[in-house]
Each structure stands twice: as C-alpha cells, then as structure tokens.
2 protein chains.
Amino acid sequence: MNIKEVAKRAHVSTATVSRTINDPSKVKPHTAERVRKAIKDLNFYPNTHARTLVSGRSRMLGLIISDITNPFFPELVKSFEDQAVQRGQEVIIGNTDYKPKRMAGCIRRMLERKVDGVAILTSESDSELLAELTRRNIPMVLLDTVRSGAHSATVTVDYAQGIREALEHLFSLNHERIAFISGPLDLHSARVRRTAFVCGMKARGITIEPEMIEKGDHRIEGGLIAMKHLLGLKQPPTAVMASNDLTAIGALGAIHDAGLKVPDDISLIGFDDISFAHLTQPRLTTVLLSRTQIAMTAFAALQKLIANEKEQFDYTIPTHLVMRASTSAV
Amino acid sequence: MNIKEVAKRAHVSTATVSRTINDPSKVKPHTAERVRKAIKDLNFYPNTHARTLVSGRSRMLGLIISDITNPFFPELVKSFEDQAVQRGQEVIIGNTDYKPKRMAGCIRRMLERKVDGVAILTSESDSELLAELTRRNIPMVLLDTVRSGAHSATVTVDYAQGIREALEHLFSLNHERIAFISGPLDLHSARVRRTAFVCGMKARGITIEPEMIEKGDHRIEGGLIAMKHLLGLKQPPTAVMASNDLTAIGALGAIHDAGLKVPDDISLIGFDDISFAHLTQPRLTTVLLSRTQIAMTAFAALQKLIANEKEQFDYTIPTHLVMRASTSAV
DNA sequence: CTGTTAGCGCTTTCAT
DNA sequence: ATGAAAGCGCTAACAG
C-alpha cells in the first residue's frame, strides 16, 4: 500500500498524488478530488519515513524532561504533545531521571531519529551536550538556562515574582518569623527561589536568622525532615515557605505529626501548584507556575526556530500567588 | 554525514559499513575495527528513517493511554519507555482523553509512523479500530479487553482479588454496613470493580441496600458528591469502598467537611494506590494495582508478538490490599 | 496543471 | 570477506 497504488487507481502520476497531499493548490480541483477518493478507498497513509528521508524534515520533536512521575511534568508533556499532534508532529520523550549523565543518551536518541528540534525542559543541564546540538544546527529551547546561541531560545521562569507576592501576603497577615525550606541547591531553580526569599525579607527590613533557612530536596521526605527541625527550635517560625509543593506537603505531614494545625498554629505556602496542592487538608496556598504556559511558550519558540523566523529568543513566564486555606493571621 | 562518508574514510564499501553495524560476524575483525574507528571519528549515527524504509521495521512502539495527567499513567508510561529505550526502541504516545473518538487519531498516527506494535492501555476502547489494526497485522496488546485475535494479546487485571481482600479486612474490623462508590459504569473496569464488591458482600451473606451503592466518576468531584449523599442517609455506612483513589480522596474531603474523622467515624478504602494515596491525612488504605507490572507485562507481550513467538496471549495482573491508616474497627 | 526522473540513506541480494 | 547495484516510498526539480 503506497503512493504508486494510489496513483494507479486515480489514473495520475505519483507526483500528482504527492501534490494533492502536500499542496492541493498545485492540482486541478477535479483531479485532486479523484486522488482524494482513491486515497480514501485504499485507506492510504503516507509513509513518514520515506517522507523524512527525502524532505529532510522528520516532523518529530524531542522533549527532554527530568521525570514523568514528578507531578510537575505530566501537564507540561500533555500540552506540548497536544500542540505537536495538532500540527501533525510527533514527540519523543527523554527522561533524564535527574542525572545529567542520562542526558547524553536522550540527545543521542533524538539525533538518531532526526528530530526537527528539541525542548530541554529539565532543571539540570549539560553545556557540552548542548554544544553538540548547536554544532549540528538542531534548534533547541532551554528552560532557565543562560546559554543561548544560534538556533536556540530560552524560557525563563520569574520565580521571584510569586515569592514576592507570597511574602507580601504573609506580611499582611502580620507574620515576620518566616522560615524557608529550600530545594537542592545544586539546582539553579532552587537557588533562585531561595535568593528571592532572602531578598524579599531584606526588602522588608527583616534579618533572617540562619536557622530559619532549612535545606530540603524538593521531595516529600526532605520537607518532612526540615519541618521537624524547624519545630524543634526554641522559637519556631509562625509561617513557612517551601521551595516546592512536595516539600510543603512533607512539612504539612510533620506539622500534623507534631499535633499542630495548619493554618491555626503555622501558616504554610508551597510553590508550583501541582494538582495535589488543592487535595491537601487544608488546601495549600501556593505559587502557581503554569506548566501549560511553559509548554506552549517553549513549543511556539521551537516552531519559530525551526521555521527560521529570527524574532525573539527570550521568553519569561510569570508566577503568581494562589490563595487557599493554609495561611492565616498570626 | 552518512554511511558513504564512513565507507570512504574506512576504505570499504557502504555494504561493509552496514554489516559491521548490524552483524559484525559477517566482517573480518580487522576491517570491522577500521570501520568502527571511522564511525567514531565522524561521530556517525545511522539514519533510522532510511533504515526503516528498507527494512520495514521502525523500532518504534505505540503506547495509547487515556490521559497522562491522570496519576495512574505516568508510572506506566515511564516503565514502558524505559524498557523500550533499553532495547533501542522509541515510544510514541497517544492520549485519548477518555474519548473513544480520539482513539482513531492516535491509531492513524501510529500507522503513519509505522510502529512495529502498539499497546492500548486505556480503559475505553473501540472494536472497529482494533479490527483495523488486526487487518494491517500490527501486533497489539490490549488491557482488560476480551477481544484477542491473531497478532494480539491481552493483559487482564484481577480487580476482584484486591476487593475481596479489602472486604475481608473490613469484615475483620466488624464492619457490615459498607457502602461502595463506583466509577462511571460505561467503563468496563468500573463495572468489574462494582461487581466484585457486590459478590464479596453476598458471599458474606450481607444484603446490600440500594442506597449503599453510589455512582461516582473516578475523579475527586464525584467522590465528594457521592459521599455527601451517603452522609445524608438516616443510617450512614460505617465504612466506604471507593472504586479508585481519586474517588476516595473526594470522599475524604466530604467526610472532613461534615466534621467527621477518618477512620474514627468512618473507615475508607481506595483503589489503585496512586502516589498521592500515602500523602493524604490519614494515609489511605487502598488496593495496589501495580502500573509497573502492567507496563512490563504489556511490553514483554508486545515483544513476543513482534518476534512472532506464539506462546502466551493472556496475562493476569494481581491486585492486593495495602493497609495504611484510613480503616479501624467499628 | 501534470508527468518524468533523480535521488534521500540505508539494507540486501547477487557476484566475485 | 567484500563490493556493486537494486530498491524501500516519497518529494522536488525539471519538462512539457
């Protein structure tokens, strides 16, 4: 079942069949109609591999993420894929599992499959590998990464905005003794969040005691342990900001375990607004970082790079406080 | 950068390069070594599309699921992909969004990309489309579906086992007034779970009052509403089984909203054991349905079909009760 | 507007 | 053990 059979059945050449598929304006409407009928009758689908081979464009995109089981990523993947499918493109996904080493394998796969472009939306990255992509002229979009040569664009998240809003909210509730549970500090995005917290506190004229900054790991466990430390202090905080929602959920568990209540005893704010954030008890006040928006922006940027429309190479995604039920006045 | 360049550099023909890549035993070790060096020097990756075109095998697998943002699926996708990548295969994912109609689009994409086989691990399915795959001799693996012609295998989940265990657990805790919140009954898997519940109760000699069976939608919202109805009864249940964890989480919310406590006032059991199930307050007792196991089984079955090893066509996945903190004696 | 034809990069007979 | 050459199914020049 191939284009030849269709051509035979429609009494035209294969070129005409190809044209009616790719650019019907080049074919007399009457002929096109006959071809379309033949295609339908034979239930014909063009072979994308043959297409790719001759045209050089695979209509496949690479999407590299850290870990699909991290609740941050599924929505991201979904909107990215939805857009791709809508435009007749296919997505192949690479998981780095947070190990920069695994990125190499992902990129090799993308290269082998001749993707038209790749979006690297992981938190970690490896400059050598990115150089390899640049060398091969593969358009790429990066998340939160400074580097941005030819054929590349960057999507930067404005983490600080949401954290400022969160702090203002806490200040308005008369909190001053506010602790922060950070993520793993080898992560750029974790460092940025902590810095934003420190700056926001300073701007308010509050000096942060060192014990008010705990280190977590962006997972439940780390939040739980960090919160236990915080509760063990002679003078515990009245409010806690967590570097992400999983951390906040861990902290919530620790607070419950200690027989205390959120928000009555301690106010708590997360970051990301993963879908579980409104399933906690109480529902978690958090900072929304729209995965859909990241995906759509990255996708659009990638398409522009692929189409070689040199317009914009830097995009910013805002973050905003979402008030729910885990904060109250002191 | 292609096989010709490699051939030139190694002073051999393209055929020899091809052989050293695909079956080195056909090449004199010394020659193979030279070719390998050329490949490395030039940083050459074979073009999979050209390969597919001539060999007829794409080394791509289709994986159709309902919705990646449903916490049931990410683990499934991850283990399936991990296995594929390990064997040098690529996975393309299709989301049906629970709409049987969208399945057609997914299958068309798979056909266009000439996948070597497809795993349809959705809850819903469409027999006409499956027939199309059968007609084209595409190996396929189905989940919980009776139909299983040539080139196809079925993975069946033993929902009843876990539900029996859950009921026995509740019986041992002296519960008798047990309600069930079902899923959408057009779903086969939802019907099976309800039936298992009814049978289990009957086996114990308990007659189920009609009001003890509520209908949900396998999402939070449905569980919340159903539980409200249950709490409004003149004689509410002492324990509730939910058709899945999201439903149980909704029910948990409704119980909290009513000022009651789990498990002190009402015991609650979920189904699936999604990762959030041990993050609830209290941690949810539920029935584990291993997504990893489904993925591994489906993957292995698909490989066998592709390799044409006609061995087994029916696989069963067990389910088991996981006791946590949402049940107690009446 | 339509047909002819030359590849795209690779694998695979068929010779040697 | 190796090379020459014929395609896999499609698109894109080039003619007409």
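Below, each value reflects all heavy atoms present in this structure, side chains not excepted, and no hydrogens, waters or symmetry copies. Throughout, protein chains are lettered first and strands after them, A, B, ... in sequence-line order, and every chain is numbered starting at 1.
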In this structure, how many angstroms lie between the [atom2] atom of [N] and the [atom1] atom of [X], rounded?
| X | N | atom1 | atom2 | result |
| --- | --- | --- | --- | --- |
| B:I39 | C:dG9 | CD1 | P | 16 Å |
| A:D23 | D:dC10 | CG | P | 18 Å |
| A:R59 | C:dC8 | CZ | P | 20 Å |

Partner set under salt bridge (charged side-chain N to carboxylate O under 4.0 Å, His left out) for [X], not counting sequence neighbours:
| X | value |
| --- | --- |
| A:R9 | A:D41 |
| B:R191 | none |
| B:E33 | B:R36 |
| B:K78 | A:D67, A:D97 |

Practice item. Take the C1' atoms of the five end pairs on each side of the helix from C:dC1-D:dG16 to C:dT16-D:dA1, get both axes, and report the angle to 10 degrees. Key: 40°
Revision key, fill the gap. Under a 4.0 Å heavy-atom cutoff, the residues of residues 106-117 of chain A touching DNA chain C are none
Study note, to complete from the structure: Those residues at least two apart in sequence (or on a different chain) that pass side chain to side chain contact (heavy atoms under 4.5 Å, CB included) with B:S66 are B:F73, B:T96, B:Y98, B:T122, B:S123, B:E124
Point to revise | Pairs flagged by ring pair (Phe, Tyr, Trp, His ring centres under 6.0 Å) wherever residues 25-46 of chain B is involved - sequence neighbours left out | key: none
Check your understanding: Does atom CZ of B:R136 have more than 12 heavy-atom neighbours, drawn from other residues, nucleotides or ligands, at distances under 6.0 Å?
Key ->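 Counting neighbours around CZ of B:R136, more than 12 heavy atoms of other residues, nucleotides or ligands fall under 6.0 Å, so yes.
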Which donor-acceptor pairs under 3.5 Å do side chains of residues 84-92 of chain B form with protein atoms, sequence neighbours excluded?
from, atom 1, to, atom 2, distance (Å)
B:E90, OE1, A:R109, NE, 3.2
B:E90, OE2, A:R109, NE, 3.1
B:E90, OE2, A:R109, NH2, 2.3

Point to revise | Partner set under side chain to side chain donor-acceptor pair (under 3.5 Å) for A:Q293, not counting sequence neighbours | key: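 With neighbours one apart ignored, the set is empty.
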Revision key, fill the gap. Protein-proximity profile, nucleotides 2-9 of chain D, B/S/- by nucleotide at the 4.0 Å heavy-atom cutoff, equals BBB--BBB
**Study point:** Qualifying salt bridge (Lys or Arg N to Asp or Glu O under 4.0 Å) pairs, either residue in residues 14-26 of chain B, two or more places apart
**Key:**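 Non-adjacent pairs meeting salt bridge (Lys or Arg N to Asp or Glu O under 4.0 Å): zero.
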